[in-house]
Amino acid sequence: MDSTELQPISNFIKTLPPFDQLSEQLIEQCCQALTVVYYSKEERLVHVDTNEPQLYIVRSGAFEVTTEKGELIDRIGDGQYFGFSGMLSGEKIVNKVHILDDGLIYQLPLESFNKLRAASRTFDRFFNQAFAKRLRHQGELKSNNISTSRISSLISENMISLSRDATIQQAAILMSEKRVSSLIIIDNEQLAGILTDRDLRNRVLAKGLDGKTLIEEVMTKSPTTAPKDALIFEAMLLMSEKNIHHLPIIENNKPVSMLTSTDIMRSQSSQPLLLIGQIDRQTSVEDLIKVSNQLPSLLQNLISSEAKAQEIGRILTLVTDALTRRLIFIAQQQLGEAPMKFCWLAFGSQARQDQAAGADQDNALLLEKEGDSESEHYFKQLAELVCSGLDQCGFPYCPGNIMAQNPKLCCSLKQWQQQFTDWINAPQPAALLNATIFFDMRSIYGENNLFEKLQNSVLKQTKNNDIFLAALTQNATQQVAPLGFFKNFVVERDGSEVKGIDLKHKGLALINDIARIYALANGIKTVNTRQRLSALIGHQGINPEDINNLLDAAEFIAHKRLVNQGEQYEQGIPLSNYLKPSNLTSLAQHHLKDAFKVLHDSQTGIKLKFLRHF
Amino acid sequence: MLSRWFIKTHLQYQSRQCKDEQIRKYQQAQLPLLNLPIKEAPLLALDLEMTGLDPKSDQIISIGLIPIINGQIKLNQGRHKLIKIAGSVGQSATIHGLVDADLQLALSLDEALQWLLKEATGRVLVAHHAPLDMSFIEQALLQQSEHANSKKCRLYAIDTLKIEHQRLLRKQPMIKEGELRLNSCRSRYNLPSYDAHNALVDALSCAELLMAQVSKMGGGDKIKVSELLS
């Protein structure tokens, strides 16, 4: 055939996955069947013929697939495809393809496309996966995505409840009427407890109680609850951690519904959850390391599924938390029970739940009391096992030695309290640097009230502590949000090369600082930046609109950072926090400027609030 | 306007004068195409490889053809024919990658011309720097003619080089050397550069260039064939 001489085309096609998996002969057949069409921006839309579905292979140019309503589904450039959705689903094509940049497209007719699918399983699978991914983009699978969906998407608004002074017979009747396995028991609209099938069996029938017994005598009092805006994923972890199957959902301090493990089972399993499940089953450090190898691809999937940036940070942190707990468990299998109560603390980003992949570990041990040499030895071994385990699982040792295996950071409650008091009373530059790490802390494992005691004593000292807060503010406003005099970006230079805007240190870190200062000033216990900011709303002297703007800015900058890193990952260049404004569309540049403006205003705000006395 | 009227009249005149039946058929079939919008007219992109640049002394080595139908280039209808020549491929072998051995399977010039005319009948020819290709074909047709004192028959084609020349002059005062080469033209339209060179790939390159030019000039449904023909 003459067309075999069209080498430039077959050379191009055979480099594209999945065509690269096809035999020379199939490539030739495929190239024979192609039609070449040029599209220019002036035409605006690619005319897609519904009666003649084709695979559009982009040779040059840029295209954008949107829904009928104009919601973006995908951007497509050189060597990418569109048109496969219609061919795979057989449905009428309703998506629109906009021409962003002039270009050439090779079009493969349905018949040839199907021949290739039949001839090669890899080819078939590739487009089926691309199709599934496309659907996810369109949100059709969103409800199945546990990792980033919220409880609110699973629960029904009809809460089935009874008052605590009703009888258990009334409870049983209501449960069988409504076909539910549990009830929320209320007292004056407040949650009083829950009553489950199992309670009726174990605490009523087995004990021979009669039907007139009051619910309050047999119910589970003060059950574990979850807020309505929690991630499904978090609820599931909570259930497996506490070995429970019913979780009352709380909104504005009132119960609104019951979430059961069956509700969650009904929505599909997902990758992060699978990963955590796997972590919880491993019995050796070696196996944990193997399981953690999946982390980079998990991150990549989360980014490509357009999960919110803060949720990705939360999921990664949940994985780190699970890994830490499992490592402690494995270490204790080896070392035996701890000689006293203790708490494994996380600082910095793990505490704030905004961890990035490959972040250093920042952790410490909080002990009930000062120990003897034997217990010192025990905790040293425990810390070393866990820290080296984390290192091997992809969370490298902290270069600043902020780790539990550092004897200075394996202290009793008293010592920790003294340490914090020292930092608060003498806010020297070094101490302030520590503050950005240590004042964001969270208990990962162990005796929670030990941690609460520490946290309460710290917050008591920081709340309304003008001198300390002023020093923190001074320190936090030394870095300026990158807005120049003319509101243009101040772009950092690294030698002769322009690196771009540092989204972490000039963006997110500044927002973390602002949230921390407000939280310490107001005695707010949560550590996550978003939660800290949300908790501020309603506090005196704080404008809710400013806080909401700051929350939006944080999400926007965090998202841009993740997307930027996702692109760096795809291009195979080392991940960094630097974003080049020239890589952004003018619209995105505009948004980013707005976000930094908000940040800049907030910095001015804390200066006015906390520095004015000095 | 005048040139359009001239082309039509000249085609009518030629088709009456022409003694060769195949050529006459081709000329007559051109007439109804003149008033069609580019998008609806069946087009045939063509490229010749020659032993040199002089139609009188140099010979055609190969012909690449590829049709454009409704603004779409059908790769399965692309054709490539080699032609037997007198003597050796000589110097141009280094450019075209053709060696004498390839030419063993080639058509005779007469067979090739018959084939070309048949393919071109009812289609508008498109070429990059068309005057050169056309003059080689005109010369070859004249040489092959069985009829005594035949006249050279003028062929019309759409010339992508000429279109580009005019479009460029509207944007810049003068044209630098090399700016009208096929690949330089293509890069202006974000078309990929095809590195292999044979008559078929060059015909395809030319076809893509025309579609790009036409879409930038307002679209193939607004421009008539006669506006681009020369």
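Naming convention: chains lettered A, B, ... in sequence-line order (proteins, then strands); numbering from 1 in each chain.
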Report task. Let me know if A:Phe12 has heavy atoms under 4.5 Å from chain B in its side chain, its backbone, both or neither. Result ->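 A:Phe12 has no heavy atom closer than 4.5 Å to chain B.
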Query raised in the report: Do the side chain of A:Tyr38 and the main chain of B:Tyr189 share a donor and acceptor less than 3.5 angstrom apart?
Result: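 Pair found, side chain donor or acceptor close to backbone of B:Tyr189.
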Query raised in the report: Counting distance only, does the side-chain N/O of A:Asp102 pair as donor-acceptor with the main-chain N or O of B:Asn190 below 3.5 Å?
Result: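 Not at all, since once roles are kept as given, no pair shorter than 3.5 Å links the two residues.
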Query - B:Ile73 side chain reached by A:Thr35 side chain, heavy atoms, under 4.5 Å - result: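 A:Thr35 does not reach B:Ile73 side chain to side chain.
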Query - Minimum side-chain heavy-atom gap B:Tyr194-A:Ile9 below 4.5 Å - result: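 Counting from C-beta outward, B:Tyr194 and A:Ile9 do come under 4.5 Å.
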**Report entry** Interatomic distance, A:Arg59 atom CZ to B:Glu208 atom CD [nearest 0.5 angstrom]
**Finding:**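 Reported to 0.5 Å precision, the distance equals 8.5 Å.
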Report task. Nearest 0.5 Å please: distance from the CG atom of A:Leu6 over to the NE2 atom of B:His80. Result ->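 A:Leu6 atom CG to B:His80 atom NE2 measures 9.5 Å (nearest 0.5 Å).
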Is it true that atom [atom1] of [X] has more than 12 heavy atoms of other residues, nucleotides or ligands lying nearer than 6.0 Å?
{"X": "A:Gln25", "atom1": "CD", "value": "no"}
{"X": "A:Arg121", "atom1": "CZ", "value": "no"}
{"X": "B:Lys171", "atom1": "NZ", "value": "yes"}
{"X": "B:Lys39", "atom1": "NZ", "value": "no"}

Query - Choice from A:Leu34, A:Asp101, A:Asp78 maximising heavy atom contacts with chain B below 4.5 Å - result: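 That would be A:Leu34.
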What is the minimum heavy-atom distance between [X] and [Y], and which atoms define it?
{"X": "A:Ser60", "Y": "B:Leu191", "result": "OG-CA, 4.3 Å"}
{"X": "B:Met211", "Y": "A:Val36", "result": "CE-O, 3.6 Å"}
{"X": "A:Glu42", "Y": "B:Lys216", "result": "OE1-NZ, 2.8 Å"}

Extract all donor-acceptor atom pairs below 3.5 Å that involve side chains of residues 130-140 of chain B and protein atoms in other chains or at least two apart in sequence.
from: B:Asp133; atom 1: OD2; to: B:Leu48; atom 2: N; distance (Å): 3.1
from: B:Ser135; atom 1: OG; to: B:Pro131; atom 2: O; distance (Å): 3.1
from: B:Ser135; atom 1: OG; to: B:Leu132; atom 2: O; distance (Å): 2.8
from: B:Glu138; atom 1: OE2; to: B:Leu155; atom 2: N; distance (Å): 2.8

